[in-house]
There are 2 protein chains.
Amino acid sequence: MDTEDEAVDGVFRALADTNRRALLDTLFARNGQTLSELCEGRGMSRQAVTKHLVILENANLVASVKRGREKLHYLNPAPIHEIGERWISKYERTRLEALFDLKKALENDNE
Amino acid sequence: MDTEDEAVDGVFRALADTNRRALLDTLFARNGQTLSELCEGRGMSRQAVTKHLVILENANLVASVKRGREKLHYLNPAPIHEIGERWISKYERTRLEALFDLKKALENDNE
DNA sequence: CTTATAGGCAACCAAAGGGTTGCATGTCAA
DNA sequence: TTGACATGCAACCCTTTGGTTGCCTATAAG
């Protein structure tokens with residue numbers, strides 16, 4: 001499906017940045033953190049972190065709820081699971097055959 | 001390890017582009033294709049495809065060998081496997097708990 | 001009520017990304 | 001050897017991205 005592909009694309013793009021993966025790691029370590037908490041120790045402005053979180057939210061990797069004046073962020077592991085199921089596992093199936101092709105090609109190169 | 005993290009970063013970045021994932025798919029369908037073959041049907045110049053392949057090669061997702069005047073490209077599924085093993089599976093472990101947190105947070109939001 | 005705290009919004013900027021075109025090189029085939 | 005084919009290299013261009021700063025709004029606390 002087309003929308004599904006776009007979703008996959010969004011997830012891959014979101015995961016392409018080290019800082020964003022670090023943010024996911026932080027939420028993985030402790031879920032439900034506020035924006036201020038998520039800013040701690042990262043060498044960048046609050047607005048930069050906000051932008052990253054927006055991208056993560058658009059990719060559905062993070063959901064947020066407001067509690068009073070603060071915003072709590074929750075990890076959503078579902079898209080990561082999807083990527084593993086629908087994308088990575090595909091390459092897993094023929095993994096050894098591909099490695100065999102590769103090895104053979106590199107050997108012939110040495111002739 | 002630091003170099004390992006950089007490798008992971010390179011793989012994620014390489015996978016972030018739809019065209020590059022499509023190239024991997026094409027090699028998945030038939031391994032060992034030439035540059036010209038890999039250009040077919042993609043709506044872009046040969047040089048554009050070359051650039052994408054360079055990125056994939058730098059990320060170790062593709063290896064190439066020269067045969068005469070042509071260059072054969074082989075899929076290397078190892079980095080994809082690594083991502084699955086070392087990164088995705090981590091989030092897999094606490095997946096249901098995270099989803100539970102998420103659900104609870106969203107419920108409280110409706111109060 | 002006043003002030004400090006948590007966060008939102010918009011403008012701006014430099015660098016990276018994805019693409020193009022033009023030309024050069026190396027190899028196969030006639 | 002000459003021409004066609006497969007690829008390499010470099011300059012250039014526009015858009016996206018990741019970051020900044022400044023200011024505005026809303027809630028909590030004194």
Could you tell me whether the side chain of B:His73 reaches within less than 4.5 Å of the side chain of B:Leu56, counting heavy atoms only? no
So which nucleotide from [options] ends up closest to the side chain of [X]?
X       : options                : answer
B:Leu35 : D:dG18, D:dT7, C:dG18  : D:dT7
A:Thr50 : C:dG8, D:dA6, C:dG18   : C:dG8
B:Asp17 : D:dG19, D:dT20, C:dG18 : C:dG18
A:Gln47 : C:dG8, D:dG19, D:dT17  : C:dG8
A:Lys51 : C:dG19, C:dG8, C:dA11  : C:dA11
B:Arg46 : C:dG7, C:dC23, D:dG18  : C:dC23
B:Lys71 : C:dA4, D:dT7, C:dT20   : D:dT7

Check the distance between [N]'s [atom2] and [X]'s [atom1] and give it to me in whole angstrom.
X       : N      : atom1 : atom2 : result
A:Glu70 : C:dG8  : CD    : P     : 12 Å
B:Glu40 : D:dT7  : CD    : P     : 11 Å
B:His52 : C:dT20 : NE2   : P     : 9 Å
A:Met44 : C:dA14 : CE    : P     : 20 Å
A:Ile55 : D:dT17 : CD1   : P     : 7 Å
B:Phe12 : C:dA16 : CZ    : P     : 22 Å
A:His73 : C:dA6  : NE2   : P     : 14 Å
B:Leu53 : C:dG17 : CG    : P     : 17 Å

We want to know whether B:Asp25 and A:Tyr91 form a side-chain donor-acceptor pair, criterion being a heavy-atom distance below 3.5 angstrom. yes
Between the main-chain N or O of A:Arg20 and the side-chain N or O of A:His52, is there a donor-acceptor pair closer than 3.5 Å? no
Using a 3.5 Å distance criterion without hydrogens, assess whether the side chain of A:Glu97 forms a donor-acceptor pair with backbone atoms of A:Thr94. no
Looking at C:dG7, does its base get a donor-acceptor pair with the side chain of A:Lys66 below 3.5 Å? no
Check: B:Arg69 side chain, D:dT7 base, donor-acceptor under 3.5 Å: no
Working to the nearest 0.5 Å, report the span between CD of B:Glu40 and CG of B:Leu35. 10.5 Å
Would you compute the distance between atom CG of A:Asn31 and atom CG of B:Asp101 and round it to the nearest 0.5 angstrom? 4.5 Å
Tell me whether the OP1 or OP2 atom of D:dT20 has a side-chain N or O from A:Ser45 closer than 4.0 Å. yes
Base, sugar-phosphate, or nothing for A:Arg67, non-hydrogen atoms under 4.0 angstrom? nothing
Identify whether any heavy atom of B:Arg42 sits under 4.0 Å from a base atom; if not, whether one sits that close to sugar-phosphate; answer base, sugar-phosphate or nothing. nothing
Assign each of A:Gly68 and A:Gly43 to its nearest nucleotide of DNA chain D by heavy atoms, then name whichever residue's nucleotide is nearer the 5' end. A:Gly43
